[in-house]
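Worksheet for the structure shown next.
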Amino acid sequence: MKEYDHKKIEKKWQKEWETDGLYKVEDDVAGKENFYQLVEFTYPSGNLHVGHWYAFAVPDIFARYKRMRGWNVLYPMGFDAFGLPAENAAIKEGADPKKWTYDQMDKMRGQFRSMGAVFDWEREVVSCDPSYYRWTQWMFTQFLKNDLAYRAVTKVNWCPKDQTILANEQVVDGCCERCGTEIMQKDQEQWMLRITKYADRLVDDLEKLNWPNSIKESQKNWIGRSEGSEISFKLSTGAEVKVFTTRADTLFGVTYIVLAPEHALISNLKSQISNWNEVEQYISDTQKKSELDRQQSKEKTGVELKGVTAINPANGEAVPVWIADYVLAGYGTGAVMAVPAHDERDFEFAKKYGLPMRRVVELIYDSKDSPIKSELPIIKRDAICAIVRNPKDDTYMCSVWKNGIHMHGLVTGGIDAGENVIETAKREIYEETGYKNLKLVRGPDFAIHSKFFHRMKKENRWARFQYVFFDLVDDEHDPISEREAAIHDIVWKTKSEMKDFFSVIEGQFLNTLVANPEYIFTDDGITYNSGEFSELPSEEARQKITEAVGGKMVKTYRLRDWGISRQRYWGVPIPIVYDPEGKAHPIPDEHLPWLLPTDVDHTPDGTAPLARSKELLARTEKIFGKGWKPEVETMDTFVDSSWYFYRYLDNKNEDEFASRLRRDAWMPVDLYMGGPEHTTMHLLYSRFWVKALRDLGLVEEDEAYLIRRNRGLVLGPDGNKMSKSKGNVVNPDEIVERLGADTVRMYLAFMGPYGVTGNYPWDPNGVVGVRRFLERVWRLQSKVNGQMSNVASQTLLHKTIQKVSEDIELFKFNTCISAMMICLNEWEADSEKGIAREDFKKFLQILAPFAPHITDELWSNVNGHMSNVPSIHLSSWPLYDESKITEDEITIAIQINGKVRGTVVIPADIEKEGAEAYILAQESTKKIINGRKIERVIYVPMRILSVIVAE
RNA sequence: GCCGGAGUGGCGGAAUGGUAGACGCGCUCGACUCAAAAUCGAGUAUCGCAAGAUGUGAGAGUUCAAGUCUCUCCUCCGGCACCA
């Protein structure tokens with residue numbers, strides 16, 4: 001037997017597969033269903049790193065498995081070849097971006113081939129190729145004609161280092177996602193795509209996708225839909241301000257309104273504003289602040305617009321109008337109504353500037369101790385709840401009810417006619433506890449509404465307890481009446497003890513109140529002090545109040561339209577020309593592709609390099625006439641990747657981006673595996689793109705990716721993210737050279753489950769472990785003989801087939817490999833008997849997707865080239881035989897009082913009742929039970945016998 | 001702060017509510033060898049000589065039985081964040 005020579009074997013089979021066209025994919029194969037598996041096409045960085053292997057070689061296991069399962073699988077490959085990195089690298093090396101990119105792609109194709117993946121290179125897609133971007137341009141013109149693309153002046157994110165505009169999605173913490181430079185805000189005209197038109201569908205359609213919850217939630221967060229009301233406030237000047245609020249239920253609590261400094265109305269009010277200088281100063285100060293500064297400044301600032309007031313439409317009250325930069329111009333209506341009693345930010349602002357607050361929503365809860373009885377009427381009461389602190393030891397007065405009527409645990413009582421809250425509280429404290437020297441420290445302010453059944457009075461109560469806080473002045477107290485003494489005891493509890501003492505809601509609320517003197521109530525509750533809208537649940541109040549003041553319920557989104565203009569060279573030219581009047585026209589279809597000119601110095605200087613192209617201008621004038629000017633901006637590369645999966649289907653089609661026939665054959669993508677970094681960018685953009693194409697009647701589906709799985713990250717051996725500066729980069733070429741592609745593929749699959757976002761350090765020893773496994777498989781061929789397999793090894797094999805078949809469907813490649821290792825371990829331990837050829841062949845088949853080269857070699861070796869199947873990869877996935885998996889004997893664990901004390905082996909064919917008696921009759925069981933009285937027996941077939949005995 | 005996810009040996013990780021730590025790495029001992037590597041065999045959660053006890057971020061709960069279910073809390077990762 002020769003040694004396992006991975007180099008020779010891998011080279012041989014890669015060549016063989018290519019010669020035989022083994023992985024060429026037809027669109028329609030009789031008797032087979034199509035399966036479209038996708039991974040994001042890669043950027044041509046010029047060098048394949050471990051991340052690429054993890055991204056492409058591991059999913060290849062699944063693609064190969066699906067093929068063996070009888071699917072016609074398309075798992076294509078291509079290059080996302082436009083964009084900044086190529087351009088920057090080219091500039092750095094003084095090379096032409098095009099040449100540089102094509103050179104890198106050549107290098108990478110060779111590296112990709114060493115993976116032994118099933119890519120059909122005939123279908124390759126290259127986004128910077130005119131045959132591709134012709135369709136990117138065409139789609140843009142279609143969007144333009146259907147009002148999905150438009151040109152507008154907007155605030156844009158400008159990266160001073162890369163000298164280009166960035167999409168919101170490309171700005172992270174106020175810095176450029178790519179180079180980390182702090183971005184600037186700038187007004188600029190650019191081409192926009194109307195993604196906001198799809199905001200609702202982008203949220204709602206997530207429902208039907210088999211995607212991880214985390215991606216769905218991230219996309220929802222990103223879109224940031226919030227449902228609220230738009231309400232108009234009339235100003236004293238006659239103008240009107242619309243505000244957006246999600247809390248219309250608090251409208252009666254408005255004590256001022258705030259406009260964003262950029263609000264368009266402000267300049268119109270100039271003549272009425274008495275402190276205009278101050279206002280103007282504030283606005284210009286705000287404009288000078290960078291976005292980052294504005295986000296990070298915690299201290300709220302603002303200026304009152306003196307001489308102007310706003311009328312609260314709910315109660316006709318005049319309230320002051322302020323401008324402040326905590327209100328964002330770009331969200332909602334750029335103006336808010338301020339309710340300091342129920343909003344943290346308004347509260348902070350009001351506190352700083354001495355603005356009043358008014359509480360209009362209170363907490364309400366239904367008692368769980370004593371729930372109301374639905375057949376009885378509910379009687380409302382005003383009541384107090386006294387919180388009495390002993391300042392000496394910081395404990396609080398609580399009462400323990402002796403007769404089980406416990407409802408509150410504090411001193412409470414109804415307010416009598418003509419009595420005020422403080423008097424009531426003092427009277428109740430005296431009656432119940434005898435203490436008489438009290439100092440009022442706070443209240444009455446907060447109130448909570450409690451609905452409960454009053455057990456002594458036998459009636460339903462809806463009590464509004466107003467909280468009053470006292471400190472004990474001294475310990476002096478009188479004896480209390482016998483009647484009071486009979487129902488409760490007074491105990492003193494610390495803050496933390498109180499938490500456990502009360503029912504959950506009450507305790508939490510109380511603790512918050514006690515701990516935080518500045519607590520404000522921001523939750524939904526029940527309205528109060530709100531005129532005819534009082535005592536309504538928040539939800540209901542929002543609707544009724546909005547309607548009553550002539551407002552409307554609206555949805556607002558955080559998502560902005562997608563700006564696609566880039567002032568760089570290496571991208572798709574935006575297919576637009578301007579006539580002599582400056583009006584934009586799409587380039588007609590017959591002039592597409594609208595080629596990227598080559599006569600350009602593309603050193604970035606903040607202006608679009610295409611503006612310097614004589615070639616482009618000349619072409620424009622030649623086709624459209626003198627005075628016409630070309631658009632000089634290029635497109636964001638996220639446009640290219642928004643539709644690339646269609647082009648794989650029909651990459652040579654010159655008449656359409658993809659024919660209906662091909663699209664019907666393959667779309668939607670069945671399985672999309674990729675990186676978590678694409679969650680709110682590529683995945684959102686391309687979902688929008690597909691929906692837009694569908695609305696234009698260009699495709700059938702409105703979601704392109706049925707199943708999405710995000711992969712994890714491979715870290716360096718030191719547990720850190722691989723980076724050149726840390727010197728922890730693992731070079732896959734070197735490992736492939738030394739240990740083989742099969743080993744690298746399998747090791748990456750073995751590190752942990754695929755399709756979950758986890759981080760796995762690359763363990764150099766771990767790779768060797770996988771290599772050892774393959775060597776042992778290799779050596780096992782010498783034990784293969786033509787004999788019938790024995791029962792034990794068959795049982796093992798079929799269990800292994802079952803485990804691998806099940807786990808591979810769940811992308812748990814790690815446990816598949818583990819199962820195959822177990823099988824090999826046991827076969828080896830028992831190897832004198834030899835391995836039946838048929839068993840070994842089945843084992844190779846389940847290993848084939850993981851290690852395609854070595855298995856094809858061994859397959860041809862054990863078959864002696866006599867097989868009618870020339871490659872193992874054309875064979876069918878072996879099915880396990882249920883009858884071979886069942887064991888004759890099973891091991892049952894014996895549990896005594898919940899603890900495992902031993903095991904018993906029983907014949908597998910004993911019925912449930914029989915088994916119980918059989919196990920109990922075993923000597924070993926009796927020994928464990930040791931004569932104790934059996935009180936209960938629970939038998940779980942195949943697993944465990946749980947015995948409860950008297951101690 | 002809000003939303004989502006995760007916490008298990010020295011490490012990566014296994015465990016339909018049913019014998020926690022499979023499999024791999026590492027480590028220890030042994031065989032082979034002049035020696036080393038490779039390979040093979042035995043062992044490897046913690047404490048304990050052992051019997052046994054303890055153990056899945058912390059604490060409660062449900063259950064005959066909890067890594068798994070429920071609640072509270074802590075830590076880490078991802079998304080959003082002065083978003084009204």
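Below, chain A is the first sequence line, B the second, and so on; all start at residue 1.
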What nucleotide among [options] has an atom nearest to a side-chain atom of [X]?
{"X": "S946(A)", "options": "C82(B), G18(B), C23(B)", "value": "G18(B)"}
{"X": "L328(A)", "options": "C64(B), C23(B), A84(B)", "value": "A84(B)"}
{"X": "T246(A)", "options": "G18(B), G12(B), A84(B)", "value": "A84(B)"}
{"X": "E217(A)", "options": "G18(B), G4(B), G12(B)", "value": "G4(B)"}
{"X": "Y760(A)", "options": "G24(B), G12(B), A22(B)", "value": "G12(B)"}
{"X": "D325(A)", "options": "C82(B), A84(B), C64(B)", "value": "C82(B)"}

For atom [atom1], what is the distance between [N] and [M], given to the nearest Å?
{"N": "A15(B)", "M": "A45(B)", "atom1": "C1'", "value": "16 Å"}
{"N": "C77(B)", "M": "G61(B)", "atom1": "C1'", "value": "29 Å"}
{"N": "G5(B)", "M": "C71(B)", "atom1": "P", "value": "13 Å"}
{"N": "G10(B)", "M": "C47(B)", "atom1": "P", "value": "10 Å"}
{"N": "U75(B)", "M": "U56(B)", "atom1": "C1'", "value": "16 Å"}
{"N": "A22(B)", "M": "U16(B)", "atom1": "P", "value": "15 Å"}
{"N": "G55(B)", "M": "G21(B)", "atom1": "P", "value": "16 Å"}
{"N": "G4(B)", "M": "A58(B)", "atom1": "P", "value": "24 Å"}

Can a side chain N or O of [X] be found less than 4.0 Å away from OP1 or OP2 on [N]?
{"X": "R772(A)", "N": "C25(B)", "answer": "yes"}
{"X": "N814(A)", "N": "C23(B)", "answer": "no"}
{"X": "R247(A)", "N": "A84(B)", "answer": "no"}
{"X": "N765(A)", "N": "G26(B)", "answer": "yes"}
{"X": "R901(A)", "N": "A65(B)", "answer": "no"}
{"X": "N213(A)", "N": "G5(B)", "answer": "yes"}
{"X": "Y331(A)", "N": "A84(B)", "answer": "yes"}
{"X": "N825(A)", "N": "G24(B)", "answer": "yes"}
{"X": "K812(A)", "N": "A15(B)", "answer": "yes"}
{"X": "S226(A)", "N": "A84(B)", "answer": "yes"}
{"X": "K899(A)", "N": "U54(B)", "answer": "yes"}

Syn/anti state of G9(B) by chi, 90° boundary around 0 | syn
Using 4.0 Å as the upper bound for N to carboxylate O, is an ion pair formed by [Y] and [X]?
{"X": "E299(A)", "Y": "K352(A)", "answer": "yes"}
{"X": "D343(A)", "Y": "R247(A)", "answer": "no"}
{"X": "K220(A)", "Y": "E207(A)", "answer": "no"}

Relative to each other, are the rings of F244(A) and Y331(A) parallel, tilted or perpendicular (30° and 60° limits)?
->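 Perpendicular, since the angle between the ring planes exceeds 60°.
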Measure the acute angle between the ring planes of F843(A) and W827(A), then classify it against the limits of 30° and 60° as parallel, tilted or perpendicular.
-> tilted
If you pin D343(A) and T815(A) to their nearest nucleotides in RNA chain B, which one's is more 5'?
-> T815(A)
Find which nucleotide of RNA chain B each of V947(A) and N221(A) is nearest to by heavy atoms, and output the residue with the more 5' nucleotide.
->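 The residue whose closest nucleotide sits nearer the 5' end is V947(A).
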Answer yes or no: side-chain N or O of R943(A) and base N or O of U16(B) forming a donor-acceptor pair under 3.5 Å.
->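 Yes.
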So does Q895(A) reach the base of G18(B) with its side chain, donor to acceptor, closer than 3.5 Å?
-> yes
If you look at every heavy atom in I195(A) and L684(A), which pair is closest and at what distance?
-> CD1-O, 4.4 Å
When the aromatic ring centroids of Y353(A) and W322(A) are compared, is their separation below 6.0 Å?
-> yes
To the nearest Å, give me how far apart NE2 (H263(A)) and P (A84(B)) are.
->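 One finds 17 Å between P of A84(B) and NE2 of H263(A), rounded.
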